Amino acid sequence: MGKDTQLTDRVFKSVGTRPMRPDGIDKVTGRARYGADHNMSGQLHGSILRSPHAHASIKSIDTSKAEKLKGVKAIVTAKDFKTKGITDPDLLDIIDNCMASKKAFYDGHAVAAVAAVDAKTAKAALKLIKVEYKILKHVTDVDEAVQPKAPLLNNKCFTKGVDPTPDKASNIAKRSEFGHGDVAEGFEAADVVIERTFKTGQSHQGYIEPHACVASVGPDGTGELWVCTQGHFVFRQQCAKILGLDEAKLKVTSSEIGGGFGGKTHLWVEPVALALSRKANRPVKLVMSREEVFRASGPTSATSIDIKMGVTKDGVITAAEAELRYTSGPYAGSWATLGAMTSFACYDLKNVKTVGLEVLVNRPKTTAYRAPSAPMAAFAVESMIDELADRIGMKAIDMRIQNAAKEGTRSSYGPVYGPIGIGPTLDAAKKHPHMSAPLGPNQGRGMACGFWFNFGGQSCTDLNIGSDGTATITVGTIDVGGARASLALVVAEELGIPYDQVKAVIADTTALGYNEMTDGSRGTFASSMSAIQSCRMAIADMRQRAATLWEIDVDEVVWENGHAYAGESGLNDSNSNHPPLSIADLAKSADKTGGPIAGHAQIVADGAGVSFATHICDIEVDPETGQTRVVRYTVIQDAGKAVHPTYVEGQFQGGAAQGIGWALNEEYIYGEDGRLQNAGFLDYRIPVCSDLPMIDTQILEIPNPNHPYGIRGVGETSIVPPLAAIGNAVSNATQVRMTHVPMSPPRILAAIHAEAASDD
Amino acid sequence: MEYLAPEKTADAVKLLAKSKGSVHVLAGGSDLLVRMKGGYVEPDVIIDIKRIKTMQEIKKGATGFSIGAAVSCSKMGEHKALRKAWPGVVEAANLIGSDQIQGRCTIAGNLCNASPAADSVPALIAAKAVAVIKGPKGTRRVAVEDIATAPGKTCLKKGEVVEYIQLPKRAAKMADAYLRFTPRTEMDIAVVSAAVNLTLGPRGVITHARVALGAVAPTAVLVPEATKILKGGKLDDAKLEALAEICNAACRPIDDKRGTIQFRTHVAGVLAKRAARLAYTRAGGKL
Amino acid sequence: MSVLVSSIINGDNIEFACEPDETLLDALRDRVGMTGVKEGCGTGDCGACSITLDGALVCSCLVLGAEAEGRSIETVEGMSDGNVLHPLQQKFLEHAALQCGICTPGFLIAAKSLLEKNNDPTEEEVRYALAGNLCRCTGYDKIVRAVLDAAKQMRKA
Amino acid sequence: MNKVFLWGGLRPAAGGAEFVEIEALTIRELLRKLAERHPKLETLIDSEIAVSINGTIYQDDWSKKIPKDAEIYLLPRIEGG
């Protein structure tokens with residue numbers, strides 16, 4: 001996709017307006033159908049037996065009694081998942097996670113599943129399955145897991161990324177290193193050097209809709225899967241491979257999705273439902289309980305980060321170094337890699353080095369969570385920046401401005417930046433009234449910056465013009481929070497017709513080519529790019545049709561404002577004998593000019609623009625209890641071009657709220673037995689309405705040169721700064737540096753008391 | 001499973017006495033249904049008491065208020081006279097879960113669920129409330145602090161059901177207050193809580209006091225030593241500090257997912273002080 | 001053994017049979033077909049299954065289906081007046097007070113229950129009244145604005 | 001001739017080099033030549049690599065043209081939420 005030179009001064013008509021979403025009425029009347037809202041004839045109830053142990057060898061599974069129970073139609077265990085011929089290690093991990101083969105790696109790991117006529121029978125059947133375990137020593141803490149004597153999860157895990165490869169197995173699955181310059185030299189040049197260790201708890205995406213699917217596979221290998229997912233094409237591909245089905249014969253339909261945030265990019269129960277269905281030759285509905293969601297679907301990593309930064313007394317950061325240890329559950333991932341890449345991405349550093357270590361632990365498999373791995377790294381880095389600024393007597397915002405990355409800066413992860421928005425968000429923050437508003441007693445203000453890459457990937461769209469001139473845009477990316485509205489706006493813009501004459505539809509896997517998932521903030525970025533190309537193809541076709549109707553050369557037809565004009569200058573050509581033709585006019589005669597009017601595009605939407613944000617927040621701390629209250633919160637972020645500003649604001653606000661929850665209370669709490677103690681909304685404590693203030697937003701528009709409208713992804717960056725912004729605010733309110741997320745009241749109070757004791 | 005919904009207390013008692021297996025009373029259901037969902041209980045019989053009219057009533061009589069066992073906490077919140085007489089008890093009842101939960105849950109259920117962190121229980125203990133229990137052998141009256149014997153265990157015998165909770169009569173210059181600590185503003189379980197009930201004499205002198213703490217021991221506890229500290233004289237800083245200390249000393253908490261021993265012990269004192277100030281000013285005292 | 005239950009659901013007499021230990025949430029979804037009532041947790045912690053039962057706002061996951069005998073139930077399916085949306089539904093759309101929308105039915109029922117008791121709530125009152133409903137997408141900002149705006153419009157009407 | 005920088009994780013497979021110099025017109029040509037020179041990189045190239053050309057990251061499009069003297073940086077593929 002080439003550059004569009006118009007983009008900076010383009011005047012948009014539809015893009016940038018705030019119409020109502022097309023799927024809205026269904027969602028306010030209860031008509032919208034989510035994962036658990038679909039049923040099929042003859043449907044069975046699926047249920048999963050899960051390990052009660054954090055780490056155990058599975059000696060045997062006896063399903064004979066359960067099989068004899070009346071109403072039980074199928075039981076599957078790992079034996080029903082054939083791994084022969086599968087070489088992709090990630091896919092093998094997915095299969096093992098969906099159904100434990102040799103070992104149960106965490107409390108909640110699936111070991112068997114039942115399909116029965118109803119929930120009651122399924123539940124009774126699970127109780128009749130006898131699993132013999134040999135309990136093994138477990139490790140859930142990231143720092144304990146890297147110790148030489150830690151219980152080993154996988155005796156074939158030899159750290160990747162180290163040369164030569166170690167000959168002794170460990171829980172460190174991968175080491176990845178980034179950076180440039182010479183940090184030792186950099187620290188020499190510094191006037192102040194600070195070293196600290198930060199820890200963050202494991203948080204869950206916390207989508208309100210639990211995973212749910214209905215699977216149906218016939219004896220001929222033809223199947224259907226109805227599922228709440230962020231990527232039904234990816235699910236089709238992976239499920240087909242796992243089950244040994246032909247992709248083309250597996251139709252995957254994405255339901256409305258009740259939140260994902262990365263957690264629904266991954267298979268958890270779907271292959272199990274398909275396997276049960278195939279065995280029973282009946283449709284199977286499988287819905288996770290909330291407890292199962294917490295225990296057995298992927299949370300983010302818990303981390304421990306050693307960081308060292310040096311600064312001159314003039315505020316120049318001379319060197320920065322970090323070792324970041326990220327848990328990835330029982331299987332390798334690339335979470336520490338992403339942490340190592342993103343940690344210092346906001347700054348222009350001459351000497352920087354980051355090392356990420358992927359650590360295996362007896363916790364559920366880590367999945368992506370909104371800008372995965374970036375928030376924890378930002379917590380460490382942005383806390384350090386505040387502390388360094390304080391030490392040299394500089395304002396934290398000024399030190400950030402002075403060191404901010406800009407066009408031409410070599411990023412800490414390697415490449416040199418093009419035009420980027422970190423500087424403008426900082427300038428906007430400095431000018432924002434929030435920065436200078438007075439603070440009350442026991443209140444502190446904090447700020448922090450955040451970075452996320454964003455990406456694009458494969459996209460495929462169809463545009464079809466109806467006989468009345470209205471347009472249907474069919475996309476293969478899931479709409480998680482208003483994308484249909486945004487895509488309809490883009491199509492309306494491109495075709496020059498009103499928004500309400502465009503219908504955006506999410507197709508199932510039989511109707512379009514492959515599409516990547518809605519992740520990496522790519523939904524609107526990539527689908528709009530493909531939609532624009534589909535429109536341009538249809539417009540080219542319509543120009544040709546107008547030329548045919550007018551019996552003139554196509555070069556003499558100009559397309560403007562949704563109309564074909566005869567004559568080179570279009571609108572202004574009053575000499576033309578041909579009155580302009582609207583899309584509706586052209587559609588009316590489509591049967592005489594070549595049949596239905598359509599456009600199609602299949603692209604790799606590369607060139608997503610990186611995205612930066614700066615957040616400001618005020619926190620009040622009760623010094624006697626450590627209780628916190630978020631008093632005020634402001635998000636400033638670059639959107640490239642905000643297609644539907646209301647939903648862009650919504651992304652900013654939602655990301656901030658998730659970050660606030662993570663910063664203050666959310667975490668996985670494990671007992672001595674390695675079992676999760678708080679597998680429910682009550683004790684996991686995501687923020688409720690009365691916990692938050694209004695979240696102010698400021699959208700900056702620094703166009704992405706690689707998108708025809710300048711669009712960047714906006715979904716993820718907003719969760720990156722809150723951990724640090726809140727940490728800095730709490731530290732400013734209490735005069736105690738907070739180093740452990742979540743900053744729950746017991747932790748804050750303990751930190752205040754420890755500081756008071758050290759002062760005595 | 002059998003679901004039964006008697007319309008008279010006597011019938012409920014009969015059904016409870018004769019039912020076999022795992023028999024459970026359904027008042028608000030906000031604890032029972034959660035335990036059923038989690039598979040922690042599998043009742044053979046559920047006896048729903050919400051169809052019993054007398055158990056649905058809040059009555060104001062010569063001896064004080066009686067609150068039927070099936071009265072939802074939101075109904076308590078809507079009762080003006082009750083709110084005026086027992087602001088601490090009502091605010092405790094209205095802190096349980098959300099509006100949705102309060103539309104169902106009851107203080108009798110909260111009491112019989114026997115959680116050390118139950119919100120309404122410390123307030124009821126401070127209020128010197130009594131549970132009126134009907135059983136096969138007739139009626140007995142038990143002080144609320146004696147109902148729970150351990151986490152999840154009560155002194156109720158087979159066939160017994162709490163019919164109503166009795167709150168003493170109130171005069172002028174009496175007030176109570178309940179405060180709890182939760183990390184979130186709502187939808188949370190008390191990490192620690194404190195209830196203070198005060199009666200003032202002339203010139204703001206405290207004549208009676210009762211203090212109870214929640215979530216700091218296996219059951220909610222009455223702190224009798226606190227009564228001695230508060231009684232006689234006005235509420236001043238010295239009294240408050242002594243109150244905090246005695247409350248800290250009364251704590252026997254555990255470390256768990258909701259809080260640490262250290263945190264609970266410290267905050268118990270903080271909340272006791274704050275609740276005492278609130279009750280004192282509510283009763284007309286000047287700080 | 002199933003229990004036969006007669007209730008008034010969104011103004012209509014409806015009979016359904018359910019297991020005695022089945023929740024009203026499951027009965028509404030699986031027996032009556034009211035899938036607008038959502039299950040987010042099944043333990044009363046998220047509010048997605050909010051309904052009113054004889055006018056009281058409750059989580060239907062914490063009510064047994066059998067308890068609904070003779071009682072009146074309102075769900076999101078009964079909120080609009082014919083083809084005219086309830087002002088709350090309209091304002092939720094106008095303010096983009098939903099992203100994924102799974103929590104929306106519960107929020108609408110809870111907000112309606114609030115406005116019936118208090119037609120002029122403050123922001124703080126709205127926030128506390130809706131504290132039993134979890135939303136993970138919006139950060140609540142636009143939901144609160146939508147409810148305040150709907151209240152304003154309903155006061156004028 | 002383009003300077004092709006390797007992120008830390010790739011360097012062991014390329015004999016520890018921080019960058020290699022390769023002349024290539026497209027990403028495909030670049031990766032092919034890279035694998036020829038450092039066979040150990042081949043499996044990593046197939047599954048784990050994204051290519052940054054002058055700061056813009058390309059995860060998939062191997063037909064992408066490489067401008068003369070562009071800065072090329074090989075990075076791990078990124079996952080998102």
Side-chain angles (χ1 to χ4, degrees), chain A residues 47 49-50 52 119-120 123-124 126-127 201 289-292 295 622-630 660-661 663-672 675-693 742-754 756, chain B residues 1 30-31 33-42 94-101 115 117 119 179-194 215 240-241 244 247-248 253-275 277:
Chain A
S47 213
L49 184 69
R50 297 183 179 280
K120 214 177 179 174
K123 196 173 163 188
L126 290 186
K127 284 192 177 168
S289 69
R290 177 54 53 186
E291 189 184 338
E292 286 179 291
R295 282 196 199 287
D622 181 337
E624 288 186 310
T625 64
Q627 175 79 289
T628 49
R629 185 169 71 90
V630 185
I660 291 168
L664 293 177
N665 287 306
E666 294 177 32
E667 73 176 314
Y668 270 43
I669 301 168
Y670 281 90
E672 288 289 311
R675 302 199 66 195
L676 182 61
Q677 304 282 298
N678 57 336
F681 276 142
L682 182 63
D683 287 311
Y684 179 73
R685 295 172 171 148
I686 78 174
V688 299
C689 197
S690 46
D691 289 336
L692 296 174
M743 291 164 273
S744 59
R747 279 202 190 113
I748 291 177
L749 196 64
I752 293 172
H753 287 168
Chain B
M1 193 201 97
S30 53
D31 288 309
L33 266 71
V34 172
R35 284 194 285 149
M36 283 165 66
K37 170 96 184 172
Y40 303 106
V41 293
E42 288 181 5
N94 287 177
L95 277 172
I96 303 172
S98 57
D99 283 6
Q100 282 89 331
I101 305 291
S115 159
D119 275 313
L179 292 172
R180 67 163 186 191
F181 183 87
T182 58
R184 293 191 289 180
T185 49
E186 287 277 290
M187 287 306 292
D188 222 331
I189 302 283
V191 177
V192 44
S193 63
L240 286 168
E241 284 316 313
C247 285
N248 293 345
I254 53 167
D255 277 331
D256 70 2
K257 61 191 173 191
R258 292 180 184 140
T260 60
I261 292 171
Q262 230 181 353
F263 181 81
R264 287 184 156 120
T265 308
H266 175 79
V267 175
V270 172
L271 293 184
K273 282 196 285 186
R274 291 179 183 180
R277 280 200 202 101

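It should be emphasised that the depicted structure is a prediction, and the values quoted were computed from it without experimental measurement. Heavy-atom basis, side chains included; hydrogens, waters and symmetry copies ignored. Each chain gets a letter, A, B and so on, in the order the sequences are listed, and its residues count up from 1.
Only the side chain of B:Val191 comes within contact range of chain A, with heavy atoms under 4.5 Å apart. When heavy atoms are compared at a cutoff of 4.5 Å, B:Glu186 approaches chain A by way of both its backbone and its side chain. Only the backbone of B:Thr182 comes within less than 4.5 Å of a heavy atom in chain A; its side chain stays farther off. Contact annotation for B:Arg274: only side-chain heavy atoms (C-beta onward) come within less than 4.5 Å of a heavy atom of chain A. If you measure heavy-atom distances from A:Tyr670 to chain B, you find no contacts under 4.5 Å at all. Neither the backbone nor the side chain of A:Lys120 comes within less than 4.5 Å of any heavy atom in chain B.
In terms of heavy-atom proximity, B:Arg184 sits nearest to A:Asn665 at CG-ND2, 4.5 Å.
Under a 3.5 Å cut-off, the side chain of A:Asn678 and the backbone N or O of A:Asp683 do form a donor-acceptor pair. For B:Asp256 (side chain) and B:Gly259 (main-chain N/O), a donor-acceptor pair under 3.5 Å exists by modelled atom type. The backbone N or O of B:Leu240 sits nowhere less than 3.5 Å from a side-chain atom of B:Lys273 that would complete a donor-acceptor pair.
Of the inter-residue distances, the one linking A:Ser744 atom OG with A:Arg685 atom CZ reads 8.0 Å to the nearest 0.5 angstrom.
For the pair B:Arg258 and B:Arg264, the minimum side-chain heavy-atom distance is below 4.5 Å.
Counting heavy-atom pairs closer than 4.5 Å to chain A, the top-ranked of the candidates B:Lys257, B:Gln262, B:Met187 is B:Lys257. Considering only heavy-atom pairs separated by less than 4.5 Å from chain B, the leading option among A:Thr628, A:Leu664, A:Leu682, A:Ile669 is A:Leu682. For the options B:Thr185, B:Val270, B:Leu271, heavy-atom pairs under 4.5 Å to chain A are most numerous at B:Thr185. Listed options A:Asp691, A:Asp622, A:Leu749 were ranked by heavy-atom pairs under 4.5 angstrom with chain B; first place goes to A:Asp691.
Judged by distance alone, the side chains of A:Tyr684 and A:Glu666 do bring a donor and an acceptor atom under 3.5 Å apart.
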